[in-house]
Amino acid sequence: MRKRVGMAWIDEVRARAQARLEQARKGGSGAPPFPGDVVADGATPVVMVDASPRDEDGLPRPVRVAGAWAWRILLFFAVGWVLLRIIAHLDVVIIPVIVAVLLAAMFQPVAAWLRTRGMGRSLSSALVLIAALIVVFGGLGLIVNTFVAQIGTLSTQVGDGVREVQDWLARGPLHISQQQINDYIDQAQRSITENRGALTSGALTTATTVGEVGTGFFLTLFTLFFFLRDGDQIWRFLCRLLPRGARVPTARAGHYSWHTLVSYVHATVLVAFVDAIGIGIGLFALGVPLALPLAALVFLGAFIPVVGATVSGAVAVLVALVTVGPVKALILLGVVIAVQQLEGHVLQPIIMGRAVALHPLAVILAIAAGVVLAGIVGGLIAVPLLAVLNTAVRYLVHHPDGEPTPDRQPPGTEPPTEDSTPDDPKPGPDTPPPAHTSLA
């Protein structure tokens with residue numbers, strides 16, 4: 001009897017399954033029948049079971065959307081924090097690679113020009129690297145010789161300048177007494193004496209930093225050589241690691257981003273050279289000691305837009321104040337301000353504006369974030385990194401399938417006007433079309 005009941009139950013289950021399959025074949029994409037519907041062959045109808053209510057169903061839709069975005073944003077920042085921690089532990093490797101990329105953007109057109117004249121990849125890259133080393137070490141040698149030759153005169157002038165500043169503080173509008181000035185000097189000396197241990201520790205840290213700088217220098221040289229020689233092949237290899245559908249868009253976005261980086265570096269070098277020449281002429285004309293090293297400092301500082309040239313110009317004014325007096329320091333301050341106005345209103349819009357279109361507020365915030373996260377190196381690479389991301393994101397948003405832009409120009413290199421939009425930049429006849437690279 002029990003066996004007969006079990007067989008009947010199995011037959012019933014089999015019949016229900018066959019009925020559901022037959023109903024699915026006949027009904028197509030229609031809704032399943034509800035209780036009370038008539039099903040062929042007298043089979044038991046399929047019942048739609050309502051989903052159990054969820055806690056989210058009682059929340060307004062904006063709250064649910066905000067919650068969904070919130071955990072994704074938190075995940076994004078968590079990944080970013082992990083990446084920053086990894087970069088902080090690998091800074092001895094990552095910083096030289098970043099510097100090598102910037103230098104490759106500066107020298108790659110020269111290496112490419114040599115290759116078009118029939119020179120091999122290795123030989124052209126080696127010649128460019130050797131020429132760059134000669135220029136850099138020659139300039140450093142000239143600056144060091146100038147500093148050594150003028151250090152004696154500079155010490156005397158600094159002493160005279162400090163005494164002149166003390167007299168001005170005592171007799172000027174501030175009416176600071178000589179006793180107060182002496183108390184401040186004694187307080188500074190006591191502070192140095194009390195923190196001698198920290199200064200010694202700092203000296204040991206500096207020695208370690210010198211070793212890291214030497215390691216980073218040689219790593220930069222090797223990386224720069226291979227970037228100049230095999231940069232395009234390295235980029236193709238990296239793109240082949242991506243899924244097949246993302247290879248061509250990523251390769252094209254990288255091409256346009258590289259064009260933007262090359263234009264940015266060349267424009268920055270030109271602007272920095274003009275700043276150094278203008279302020280250097282003022283330093284030589286006013287007889288300020290260490291005019292050549294200070295002009296070199298202005299040149300290097302100009303690689304950090306907006307902030308760098310201002311800080312280096314302030315250093316030059318301070319040196320003039322303690323060496324040649326307040327009158328010539330004020331004149332030099334006028335020269336620095338004039339050069340800054342020339343850069344901000346003429347050079348930046350004409351030269352830099354054609355290389356990359358970034359709002360000044362974006363530049364300031366990028367530099368501030370870079371300095372907070374990675375110090376001077378962060379301030380140096382913040383703006384070019386922002387320019388590269390600006391070009392890549394604009395291109396991928398408007399051309400997700402990897403097709404070239406209509407005029408073969410990188411998007412985002414011209415500020416939008418009433419007649420032009422970010423995905424319709426002004427034509428550039430001198431810009432060669434990007435070479436098609438097969439990444440399939």
Side-chain angles (χ1 to χ4, degrees), residues 139 143 146-147 150 153-154 157-158 160-162 164-169 172-174 264-371 375-376 378-380 382-384 386-387 415:
I143 292 172
T146 303
F147 181 81
Q150 297 182 0
T153 305
L154 179 65
Q157 290 179 326
V158 168
D160 295 339
V162 169
E164 185 175 351
V165 170
Q166 291 178 354
D167 293 340
W168 180 82
L169 291 174
L174 297 179
Y264 171 84
V265 172
H266 289 176
T268 302
V269 171
L270 182 57
V271 171
F273 183 76
V274 173
D275 285 349
I277 291 295
I279 297 178
I281 291 175
L283 291 169
F284 279 106
L286 295 173
V288 179
L290 303 179
L292 183 60
L294 290 174
L297 178 64
V298 171
F299 176 79
L300 295 176
F303 280 89
I304 303 178
V306 182
V307 178
T310 302
V311 173
S312 58
V315 172
V317 172
L318 290 176
V319 173
L321 176 64
V322 299
T323 55
V324 294
V327 176
K328 291 186 177 181
L330 289 175
I331 297 175
L332 181 61
L333 178 61
V335 172
V336 172
I337 293 175
V339 172
Q340 293 297 314
Q341 293 300 313
L342 175 66
E343 174 190 341
H345 294 87
V346 179
L347 298 179
Q348 291 283 354
I350 294 178
I351 300 175
M352 189 66 72
R354 293 180 179 178
V356 53
L358 293 176
H359 195 277
L361 179 60
V363 173
I364 293 294
L365 294 178
I367 294 173
V371 171
I376 296 177
L380 178 65
V383 178
L386 181 63

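Note that the CG atom of Leu297 and the CG atom of Leu292 stand 11.5 Å from one another [nearest 0.5 Å]. In this structure, Leu333 CG and Leu318 CG are separated by 10.0 Å, a value rounded to the nearest 0.5 Å. Interatomic distance, CG of Leu342 versus CD1 of Ile337, reported as 14.0 Å (0.5 Å rounding). Atoms CG and CG, from Asp275 and Leu270 in turn, are 10.0 Å apart once rounded to the nearest 0.5 Å.
Between Phe299 and Ile277, the closest side-chain pair of non-hydrogen atoms is not below 4.5 Å.
Minimum interatomic distance between Ala302 and Thr268 (heavy atoms only, all atoms of both residues): O-CG2, 4.0 Å. Of all non-hydrogen atoms in Ser312 and Gly301, the two that sit nearest each other are OG-CA, 4.4 Å. Residues Ala382 and Ala366 share a closest heavy-atom pair of CB-O, 3.1 Å. In plain terms, the two heavy atoms of Leu332 and Ala320 that are nearest each other are CD2-CB, 3.7 Å.
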